[in-house]
Amino acid sequence: MRPRSGAALVLALLAGLAAAGFARAQDAAPQACEVPPYLLSTESTLPKVTEAVKNARPLTVLVVGSRSSTILSSEASAYPAKLQAALKEKLPSIPINLSVELQNGKTAEEVDANIVKLVEAKRPTLVIWQTGTVDAMRSVDPDDFRGALDSGVAALQNAGADVVLVNLQYSPRTETMISAPPYLDNMRVVAQQHNVPLFDRFAIMRHWNDAGDFDLFSTFHGTDMAKRVHACLGRALSKFVLDAARLDQAQQN
Amino acid sequence: MSSIADPVAGTPRSEATAAAPAAPAIALPVTAERELRLDLFRGLALWLIFIDHLPTNILTWFTIRNYGFSDAAEIFIFISGYTAAFVYGRAMLEAGFVVATARILRRVWQIYVAHVFLFTIFLAEISYVATRFENPLYSEEMGIMDFLKQPDVTIVQALLLRFRPVNMDVLPLYIVLMLFLPIVLWLMKWRPDVSLGLSVLLYALTWQFDWYLTAYPSGFWIFNPFAWQLLFVFGAWCALGGARRMSHILSSPVTLWICVAYLLFSFFVTLTWHIPQLSFLMPKRLEQWMYPITKTDLDVLRFAHFLALAALTVRFLPKSWSGLKSRWLRPLILCGQHSLEIFCLGVFLAFAGHFVLAEIGGGALTHALVSLTGILIMWGVAWVISWYKHSADKGAPKTKSPVINADMAGGSA
């Protein structure tokens with residue numbers, strides 16, 4: 001399957017077509033926010049999560065993130081809550097405890113400084129670390145960013161937790177003001193070095209925007225779109241986590 | 001207008017020949033004709049930079065950064081170094097260090113004014129977006145507008161070149177490089193190869209000791225001048241006879257195959273970024289050694305990629321190629337001949353393009369249309385500028401001496 005669709009994509013690329021369009025054509029999209037499979041598959045694994053689920057132990061998830069991990073005044077609609085709901089649905093026999101530690105306005109370096117403390121209090125099986133936005137906005141030196149990320153991920157792994165990294169949001173309106181690429185690249189590098197799954201929120205949201213699922217350029221002021229985007233992100237993230245823990249086949253028939 | 005616009009073509013022929021004997025260490029190419037390849041590729045670089053500054057669309061797939069390590073910025077800086085050395089190098093031989101320096105400084109001032117002009121437009125755009133756009137999904141990202149709350153600091157920092165919005169990094173780099181051009185040329189006049197060696201040394205030391213320029217409110221210059229000077233100085237070195245002395249290396253088949261192999265390698269690596277399904281083919285070892293390929297410090301892999309591209313270009317696209325006179329390449333060449341104006345226009349059009357896309361929305365077709373329209377505008381403006389120079393200003397009283405003309409020519413470097 002993989003090599004074949006890979007070859008097909010090369011052809012699509014050479015023909016000057018958008019690769020995303022091709023992937024979508026392959027599997028007819030029932031939902032409004034389909035994510036192409038390649039954006040949800042990862043070679044890295046989550047052994048601690050796999051083990052907990054296999055042994056029917058409770059799954060404790062800690063989301064460490066900045067303000068884009070929540071929706072102001074409707075936290076229950078943000079992606080962490082949606083992730084918890086989706087995991088409960090997929091793993092009905094296992095208690096899922098999910099908590100969120102918002103580190104508003106903090107760079108990776110500042111979060112790294114007290115990440116172990118956060119983990120010690122909750123002893124999570126899985127830490128989902130959403131980062132990069134604050135660093136990009138403050139244009140922190142990408143090398144410093146990578147260093148902080150590197151030491152943070154290592155500390156989490158030493159503390160006995162699995163880690164999933166979540167990168168920046170795709171934000172077309174601020175593209176002329178915030179330079180995301182160096183931070184996206186460095187997150188990919190650190191994920192690779194520590195063999196940690198990287199949830200590519202940026203690429204997924206861009207895909208939705210290009211495919212017309214969401215108009216992320218919209219000047220709409222209400223929270224409605226934010227809620228829908230977060231619902232889709234939560235669902236996609238749950239699939240991603242289960243896939244990385246190699247649990248999807250077993251649990252979802 | 002005409003003064004900044006004058007292309008190298010304005011170079012008086014007589015001076016070109018007169019300059020040659022005066023040069024002990026460096027040799028200025030004795031050309032009666034303008035080197036159209038430089039204009040062509042500088043024009044191309046300008047178009048690519050413009051397209052890369054817009055949101056991803058179909059045209060983005062035609063930009064070289066998708067097919068290898070280096071991108072249009074390398075081409076632009078290299079050619080800028082080449083043309084600047086060509087023009088001001090001559091000025092230094094003919095009129096001496098002081099006069100050449102004075103002319104270079106006047107040029108620096110023009111670029112600085114252009115940068116401040118672009119910043120003003122940027123401020124206008126940001127202020128508009130900040131007041132109109134309040135999607136709760138992006139409440140975090142909108143924090144970037146906070147700088148509007150203290151314009152006293154921000155604007156002063158922008159004038160000091162320390163506060164640069166995204167996509168406005170090339171001109172400050174260019175300003176710094178041009179500021180040091182008098183010293184570079186002076187050294188080149190003495191010993192070109194030693195100068196290039198010093199440039200490589202500075203590049204190496206930058207990597208070793210992690211030198212950089214800080215920016216406001218935090219961070220550093222996106223284009224590290226200590227690293228990027230290598231391309232600029234290399235361009236200058238090539239212009240002052242280096243290219244000719246390298247010609248036997250460039251024409252050797254070994255060079256050809258090394259270049260082809262390296263370009264293929266980098267093409268494959270880039271492919272794995274776009275098609276993650278292929279990334280299993282990449283050896284982990286190689287990935288860990290290679291990544292990240294930094295643009296800020298002009299990674300050696302990027303520099304090598306540019307060299308390979310340049311070597312193949314010089315080999316397969318001779319100066320005498322008739323296509324250079326074809327009318328199909330005319331738009332590119334025209335844009336390349338007025339690079340400062342067209343570069344600024346490109347940055348402005350990228351802002352405007354973002355703005356249009358944000359206001360009217362639209363799918364892939366609109367995105368591509370915006371890119372195409374931008375390129376047509378760039379072409380149109382380049383045409384108008386050259387019309388001013390060749391027709392509108394013809395009747396003006398002839399007060400300028402040919403020497404000044406030559407200077408301003410470099411102007412459009």
Side-chain angles (χ1 to χ4, degrees), chain A residues 2-3 5-6 9-10 13 16-19 21 38-39 41 43 66-68 71-74 104-105 133-134 137-143 146 168-169 171-179 181-182 185-186 188-189 192-193 206 210 212 215-223 225-226 229-230, chain B residues 53-58 61-62 66 122 125-126 129 132-146 165-167 169 210 212 215 217-220 222 271 273-280 284 287-288 291-296 350-351 354-355 357-364:
Chain A
R2 262 195 170 188
S5 65
L9 278 168
V10 176
L13 184 74
L17 295 169
Y38 76 89
L39 285 175
S41 68
E43 282 171 40
S66 58
R67 223 159 74 196
S68 63
I71 305 173
L72 289 182
S73 74
S74 45
N104 284 349
T133 310
V134 178
M137 283 167 54
R138 291 209 214 152
S139 44
V140 166
D141 185 339
D143 288 338
R146 190 172 74 244
L168 289 74
Q169 295 199 93
S171 169
R173 276 277 185 171
T174 51
E175 222 173 22
T176 45
M177 304 155 220
I178 303 174
S179 163
D185 290 349
N186 280 299
R188 199 184 311 152
V189 169
Q192 231 158 32
Q193 280 171 347
R206 189 162 67 186
D210 294 348
D215 177 12
L216 298 179
F217 273 106
S218 151
T219 49
F220 188 69
H221 284 216
T223 51
M225 186 174 85
V229 170
H230 274 253
Chain B
H53 282 177
L54 280 172
T56 317
N57 65 77
I58 297 171
W61 289 104
F62 292 98
N66 288 307
F122 175 83
E125 188 216 1
I126 296 273
V129 171
R132 288 286 299 274
F133 181 61
E134 285 169 49
N135 190 332
L137 182 63
Y138 294 118
S139 60
E140 174 161 28
E141 282 82 354
M142 294 322 263
I144 193 75
M145 313 291 186
D146 286 351
V166 173
N167 289 352
D169 296 295
D210 196 20
Y212 58 89
S218 62
F220 52 92
I222 299 292
L271 209 58
W273 302 344
H274 297 300
I275 307 170
Q277 288 96 326
L278 290 179
S279 57
F280 72 96
K284 266 250 154 73
E287 280 186 340
Q288 289 182 352
Y291 293 140
I293 301 174
T294 145
K295 180 170 181 175
T296 294
F351 288 152
H354 269 281
F355 190 73
L357 289 173
E359 289 310 308
I360 64 168

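A note on names: the letters A, B, ... follow the listed sequences, proteins ahead of strands, and every chain is numbered from 1.
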Between [atom1] on residue [X] and [atom2] on residue [Y], distance to nearest 0.5 Å:
X        : Y        : atom1 : atom2 : result
A:Met137 : B:Met142 : CE    : CE    : 10.0 Å
B:Thr296 : A:Asp141 : OG1   : CG    : 8.0 Å
B:Asn135 : A:Thr223 : CG    : OG1   : 9.5 Å
B:Phe220 : A:Asp143 : CZ    : CG    : 7.5 Å
B:His354 : A:Arg173 : NE2   : CZ    : 11.0 Å

Side chain, backbone, both or neither: which part of [X] has an atom under 4.5 Å from a heavy atom of chain B?
X        : value
A:Asn186 : side chain
A:Thr174 : side chain
A:Pro181 : neither
A:Leu216 : both

Could you pull out all residues at least two apart from A:Arg67 that satisfy salt bridge (Lys or Arg N to Asp or Glu O under 4.0 Å)?
none
A:Arg206: what forms a salt bridge (Lys or Arg N to Asp or Glu O under 4.0 Å) with it, not counting sequence neighbours?
none
Residue selection (most heavy-atom pairs with chain B, distance under 4.5 Å) from A:Gln192, A:Gln193, A:His230
A:Gln192
Residue selection (most heavy-atom pairs with chain B, distance under 4.5 Å) from A:Asp185, A:Val140, A:Ile71, A:Thr133:
A:Thr133
I'd like to know if the side chain of A:Gln169 and the backbone of B:Glu140 have a donor-acceptor N/O pair within less than 3.5 Å.
no
Contact part of B:Phe122 toward chain A, heavy-atom cut-off under 4.5 Å: side chain, backbone, both or neither?
side chain
Identify the two heavy atoms, one from A:Arg146 and one from B:Pro292, that lie closest to each other, and give their separation to 0.1 Å.
NH1-CG, 3.2 Å
Taking side chain as C-beta onward, heavy atoms only, is A:Arg188 less than 4.5 Å from B:Tyr291?
no
